J.: 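Please find one structure pasted underneath; my questions will follow.
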Number of protein chains: 2
Amino acid sequence: MKQDRHDGARATVTAIKDLILAEHLKPGDPMPTEAELVDRLGVSRSSVREAVRTLVALDILEVRHGTGTFVGQLSLRPLVEGMVFRGVLLPGDDLSVLREVVEVRRGLDLSLAPRVVERLSGAETDDLRDCVEQMKALAAQHTTYPVQDRQFHLNLAERLGNALYGQLVAAFWDIHTTVAPRLGVVGQRDLDVTAAAHGAMLDAAVSGDLEAYRAAVEAHYDPILRVLDERHPAPVS
Amino acid sequence: MKQDRHDGARATVTAIKDLILAEHLKPGDPMPTEAELVDRLGVSRSSVREAVRTLVALDILEVRHGTGTFVGQLSLRPLVEGMVFRGVLLPGDDLSVLREVVEVRRGLDLSLAPRVVERLSGAETDDLRDCVEQMKALAAQHTTYPVQDRQFHLNLAERLGNALYGQLVAAFWDIHTTVAPRLGVVGQRDLDVTAAAHGAMLDAAVSGDLEAYRAAVEAHYDPILRVLDERHPAPVS
DNA sequence: CAAAATTTGTGCGTATGTATA
DNA sequence: GTATACATACGCACAAATTTT
């Protein structure tokens, strides 16, 4: 080892990670107690606790008060937390961070288009159909539908055989919907347009029309991008 | 408030975040000292330190020993660290995590294709040309070229007017190149193919040929995906 | 160059809150 | 309800790194 006695912080973090790998622990498995980690790693309680804090922040560990420490779910929650803070800290004159997030969301959906169409053409789509119907009904009452919106994109991503894609879609959905209200971007007026866009995406996908699906995705993100344009001209067309 | 005296951990984290927002601090700005945070937040030094650890893990804070604490760069480093650990912890029988990462990289590049072609057609591309030439030269000597590879994708993303896209591309490049060696995925035999694919991407972009660019992106990721296929059949075509 | 001041890093003891048996 | 095990919080003392005097 390069550092036996010193540099406890970083060394302890990697030591705990190595321990997880060496014991072949999986998400949800129990970790040794703090006291046992102190013994096995040869560092103080403070160092162990601070290292555990670091790993909890990354969702590599999970601590349940009074119960114990467990291997975390390795989710993208750290990405969401960091990007949300970035969004509110660096709004920019043109809400640039929020714009970039929306553009990434559109890019993710567009890059998934071929697979979505392939998977959904002629398939069972009751869950997605339900989401769209609820959205349209709520839009008619001038009510927002965040739950249905998120569920729609999640159900879509779940059918692709790539869990990471689904988690990225969900993560940027979370970032978007958390940052937008804090910056005063509401966009309540386009509820009908957005609900209809979801329906168009679904219709295009089940009928196997790739280009129509791509167009529907564009229409889905058009309202929010126009709201951002009203505040400041887009840096790109 | 539900927790006035207790729950110092989470409360202190948000208190520090609120402090950054209230003072309008930007990345790189100095933070109050630990002692001052103890006074202002009314919690113990241990709590402050653990909260700071959490924020350092998210790159919201940065600590320099003996100097002080500063606002962090809010980068995607936490995403990289988490995904790398996920990649080595959950390799799966089919190296599924690595496959998903590569597929996301391809998706990002494909979704950027229209913009790249628009921006590069007839533009100055000396830096990108240099990268490709160096790659080809190194490939001829059967040498890997990770630096040139990363630089190519970064230079590409930098021209798009969306910093987040560039950081995502760089982050998943880092994840890919960190995880692949640990799982024994080398792919040294396809150095020529990959170098040529970069050249083809550049040629297609400057000539404004969107479809040729898309094809070159596919060719770029084809070698690594074939290597993954050899170990286990792909879950999707 | 050297000493002092400042700031973060580490270790340890103790008291308290919380979940489980 | 009680006991036990565990995590959480606090405070102090000292070590290490950096900047300033």
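Since the model is a prediction, treat every value here as computed from it, not as a measurement.
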J.: Which listed nucleotide (C/dT8, D/dA9, C/dG11) is nearest to the side chain of A/S44?
T.: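 My answer, after comparing the listed nucleotides, is C/dG11.
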J.: Ignoring backbone atoms, establish whether B/R49 has a side-chain N or O less than 4.0 Å from OP1 or OP2 of C/dT8.
T.: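 Indeed not, no polar side-chain atom of B/R49 lies that close.
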J.: Distance check needed: C/dG9 P versus B/L61 CG, whole Å only.
T.: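 Between P of C/dG9 and CG of B/L61: 11 Å.
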J.: Looking only at side-chain atoms of B/S47, point me to the closest of D/dA7, D/dC10, C/dG9.
T.: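 Nearest to the side chain of B/S47 among the choices is D/dC10.
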J.: Identify all pairs in which a protein N or O lies below 3.5 Å from an N or O of nucleotides 18-21 of chain D, and state each distance.
T.:
{"from": "D/dT18", "atom 1": "O3'", "to": "B/T67", "atom 2": "OG1", "distance (Å)": "3.4"}

J.: Specify the separation, in whole Å, of atom CD of A/E34 and atom C1' of C/dG17.
T.: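 Checked: the CD to C1' distance equals 14 Å.
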J.: Ignoring the backbone of A/V63, work out which of D/dT8, C/dG9, C/dG11 is nearest its side chain.
T.: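 The answer is D/dT8, which lies nearest to the side chain.
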J.: Give me the ring orientation class for B/H198 and B/H153: parallel if the planes are under 30° apart, tilted from 30 to 60°, perpendicular past 60°.
T.: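 Answer is perpendicular, since the angle exceeds 60°.
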J.: Can you tell me the Watson-Crick or wobble partner of D/dG1, both distances under 3.5 angstrom?
T.: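 The base-pairing partner of D/dG1, which may sit in any strand shown, does not exist here.
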J.: Any strand counts, and the cut-off is 3.5 Å on both contacts for Watson-Crick or G-U wobble. Which nucleotide pairs with C/dG13?
T.: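 Pairing partner, where one exists within any strand: D/dC10.
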J.: Could you pick out which residue, B/V38 or A/T69, lies toward the 5' side of DNA chain D when each is mapped onto its nearest nucleotide?
T.: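 The residue mapped nearer the 5' terminus is A/T69.
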J.: Which residue, B/R106, B/R105, B/R99, forms the salt bridge (Lys or Arg N to Asp or Glu O under 4.0 Å) with B/E103?
T.: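 It is B/R99; the other options fail the test.
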J.: Heavy atoms only: give me the nearest A/M83-A/V179 pair and the separation to one decimal.
T.: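 Smallest interatomic distance, heavy atoms only, reads O-CG2, 4.5 Å.
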J.: State plainly whether the residues B/R40 and B/E23 are in salt-bridge range, i.e. N to O under 4.0 Å.
T.: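 A salt bridge links B/R40 with B/E23.
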J.: Give the minimum heavy-atom separation between A/L89 and B/L25, together with the two atoms involved.
T.: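 Taking every non-hydrogen atom into account, CD1-O, 3.2 Å.
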J.: Under the salt bridge (charged side-chain N to carboxylate O under 4.0 Å, His left out) test, which residues partner A/E133, sequence neighbours left out?
T.: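 With sequence neighbours excluded, A/E133 shows a salt bridge (charged side-chain N to carboxylate O under 4.0 Å, His left out) to no residue whatsoever.
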J.: Figure out the CG/C1' separation between A/L37 and D/dC6, and round it to whole Å.
T.: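 Taking atom C1' of D/dC6 as the reference, CG of A/L37 is at 13 Å.
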J.: What nucleotide, of D/dA7, C/dT10, D/dA9, holds the atom closest to the side chain of A/E50?
T.: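 Nearest to the side chain of A/E50 among the choices is C/dT10.
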J.: Sequence neighbours excluded, which residues qualify as salt bridge (charged side-chain N to carboxylate O under 4.0 Å, His left out) partners of B/K17?
T.: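 Per chain and number, B/K17 pairs via salt bridge (charged side-chain N to carboxylate O under 4.0 Å, His left out) with A/E81.
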J.: A/S46 side chain: which of C/dC12, D/dC10, D/dA7 is closest?
T.: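 Among the listed nucleotides, the one closest to the side chain of A/S46 is C/dC12.
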J.: Are OP1 or OP2 of C/dT6 and a side-chain N or O of B/T33 less than 4.0 angstrom apart?
T.: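 For B/T33, the contact criterion (side-chain N or O under 4.0 Å from OP1 or OP2 of C/dT6) is not met.
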J.: Rounded to the nearest Å, what distance is computed from the CZ atom of residue A/R45 to the P atom of nucleotide D/dA5?
T.: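 It works out to 15 Å between those atoms.
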J.: For B/D39 and D/dG11, what is the distance between atoms CG and C1' respectively, to the nearest whole Å?
T.: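 Between C1' of D/dG11 and CG of B/D39: 14 Å.
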J.: Take atom CZ of B/R10 and atom P of D/dA7, then tell me their distance rounded to the nearest Å.
T.: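 Going from B/R10 (CZ) to D/dA7 (P), I get 17 Å.
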